[in-house]
Each structure stands twice: as C-alpha cells, then as structure tokens.
Q: 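The following block contains the structure, expressed as structure tokens.
Everything numeric here is computed off the predicted structure, so don't read it as measured data.
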Amino acid sequence: MVSDLSFLDYDETEELQELDIPAGELHLKFKLSSGREMALAALNIVEVMSVTPDQITPMPNVSPLLLGVMNLRGEVIWVADLGQFLADSRPLHLDRMEVSVVAVSDRKDRQMGLAVDSVIGMDWLEVDNLQESQDCAQEMQPFVKGEWHLGDAGDERLRLLDAKTIVQSERWTA
C-alpha cells in the first residue's frame, strides 16, 4: 500500500509548462541512392523497417523496378526501388547488411514496400509552404505533390511524394 500521497498535492504557485504544439503535418524524410531528399505524408505510411536483403524474395518476369516480395506481418507485399521508379540516377544497392523499406498504403487495401537508401526521420512540415516542383524529371512529375525550399539560399529542395499515386501506378506492370 502506498503511504506517501504527496505526489497528489498540486501547488498552484508552480509555473505551468507551455506545450510546444508543432505546426504543419507530420512527414517521413528519407534519401534516395543519389542523395536526393524526399518526404511522404505520415498518414500513408503503414510501417518503416530495416530488413536484410534476403528477406526480399526476387520474383521472375516482373518489372525491373520491383526488387521482389516480402512478408509484412503475414501479408505478402511487393518491394520496389523507389529511386529507380522515380528515374533517379543511381540504383539501390542490396549488397549491404540492411535495407530501409517504407511500407505505404493507398487506403484501398493495397500496400507496397518502397526501398530507400536511408531514413532521415520524422518532421513537422507546413503544407501551406509547399511550392510547385521545378526541374523535376518527367518520369517523377506525376508522383510529386510539390517541394519545400530549405536552407537560407533556398537551393536545397525537399520533394513531397504522393504515396497513393505511386502505389496505384501502371508503371509497376510495365
């Protein structure tokens, strides 16, 4: 039995700590093999994981953009090289200990794993500050919602991808 209940006493003279309420929406930031930074809205992300390359089973006669399939909590999902899908200059190398895979959903029961070079982390980003994407490769354009200009000079760009459009793309069957 607890005999010291002093923790229940509230001292009105104590200053209340202000909560930092983040502005914007939560996004996952990651890098492609070329080093280009991208983001996905957290609402479309099912799971972020590090898997060994042998957990991705290659499949014959499929699009070269697809690395294979993997088991995600009892469900078999396709895993793709997101950089190659977006016409990035360098393919993802699987000759390493772990591969970062972002499992996304189109909210219609379709899930897919997007293999990326590295995950940077989560960040609150102002969607109101999103600008039209410039100098974007034609293959990438349909899947980019816009970009944020980062840094003082604005030369760094963070592109926001549309997970739903990526999952539903017809390029997977090509």
Q: Please determine whether side-chain contact (heavy atoms from CB on, under 4.5 Å) holds for the pair Val79 and Val99, giving the CA-CA distance in whole Å, both sets of side-chain angles, and the decisive distance to 0.1 Å.
A: CA-CA 11 Å; Val79 179; Val99 176; over 6 Å; no
Q: Would you please name every residue forming a side-chain contact (heavy atoms from CB on, under 4.5 Å) with Gln84, sequence neighbours left out?
A: Leu65, Asp81, Pro91
Q: Mind checking salt bridge (Lys or Arg N to Asp or Glu O under 4.0 Å) for Arg110 and listing every partner two or more places apart, or none if nothing turns up?
A: Asp106
Q: So which heavy atom on Pro53 is nearest to which on Arg96, and how close?
A: CG-O, 3.2 Å
Q: Nearest 0.5 Å, please: how far is OG in Ser63 from CD in Glu170?
A: 13.0 Å
Q: Output every pair passing ring pair (Phe, Tyr, Trp, His ring centres under 6.0 Å) with a member in residues 102-128, not counting sequence neighbours, ordered by first then second residue.
A: none
Q: Rounded to the nearest 0.5 Å, what separation is found between the CE atom of Met112 and the CD1 atom of Ile77?
A: 8.5 Å
Q: When clusters are formed by joining ILVMFWY residues with side-chain heavy atoms under 4.5 Å apart, either directly or through shared neighbours, do Met122 and Val48 land in the same one?
A: yes
Q: How long is the straight-line distance from CE of Met59 back to CG of Leu67, given to the nearest 0.5 Å?
A: 13.0 Å
Q: To the nearest 0.5 Å, what is the distance between CG on Asp117 and CE on Met38?
A: 12.5 Å
Q: Working to the nearest 0.5 angstrom, can you tell me the gap between Leu66 CG and Phe85 CZ?
A: 9.5 Å
Q: Heavy-atom distance under 4.5 Å between the side chains of Met70 and Met49, does that happen here?
A: yes
Q: Name all pairs fulfilling the salt bridge (Lys or Arg N to Asp or Glu O under 4.0 Å) condition that reach into residues 35-64, sequence neighbours left out, sorted by first residue then second.
A: Arg36-Asp88, Glu47-Arg73
Q: Hey, can you pull the donor-acceptor pairs under 3.5 Å for the side chains in residues 21-30, sequence neighbours left out?
A:
| from | atom 1 | to | atom 2 | distance (Å) |
| --- | --- | --- | --- | --- |
| His27 | ND1 | Glu25 | O | 2.8 |
| Lys29 | NZ | Asp123 | OD2 | 3.4 |

Q: Please report the shortest heavy-atom distance between Glu126 and Trp148, naming the atom on each side.
A: O-NE1, 2.7 Å
Q: With a 3.5 Å cut-off and sequence neighbours excluded, list the donor-acceptor pairs that the side chains of residues 137-145 form with protein atoms.
A:
none

Q: Which heavy atom in Val119 sits nearest to a heavy atom in Ser100, and how many Å separate them?
A: CG2-CB, 3.9 Å
Q: In the structure I gave you, are the side-chain heavy atoms of Leu114 and Leu161 within less than 4.5 Å of one another anywhere?
A: no
Q: Would you say the side-chain atoms of Gln55 pair up with the backbone N or O of Thr52, donor to acceptor, closer than 3.5 Å?
A: yes
Q: Given side-chain contact (heavy atoms from CB on, under 4.5 Å), test Asn44 with Val167 step by step and report yes or no.
A: CA-CA 10 Å; Asn44 298 107; Val167 171; over 6 Å; no
Q: In Å, rounded to the nearest 0.5 Å, how long is the span from CG of Leu125 to CG of Leu160?
A: 8.5 Å
Q: When you group the ILVMFWY residues by side-chain heavy-atom contacts below 4.5 Å and let the links chain together, are Ile56 and Leu72 in the same group?
A: yes
Q: Quick check: closest heavy atoms across Cys136 and Ser133, and the distance to 0.1 Å?
A: CB-OG, 3.7 Å
Q: Do Leu40 and Val104 come close enough that some side-chain heavy atom pair is under 4.5 Å?
A: yes
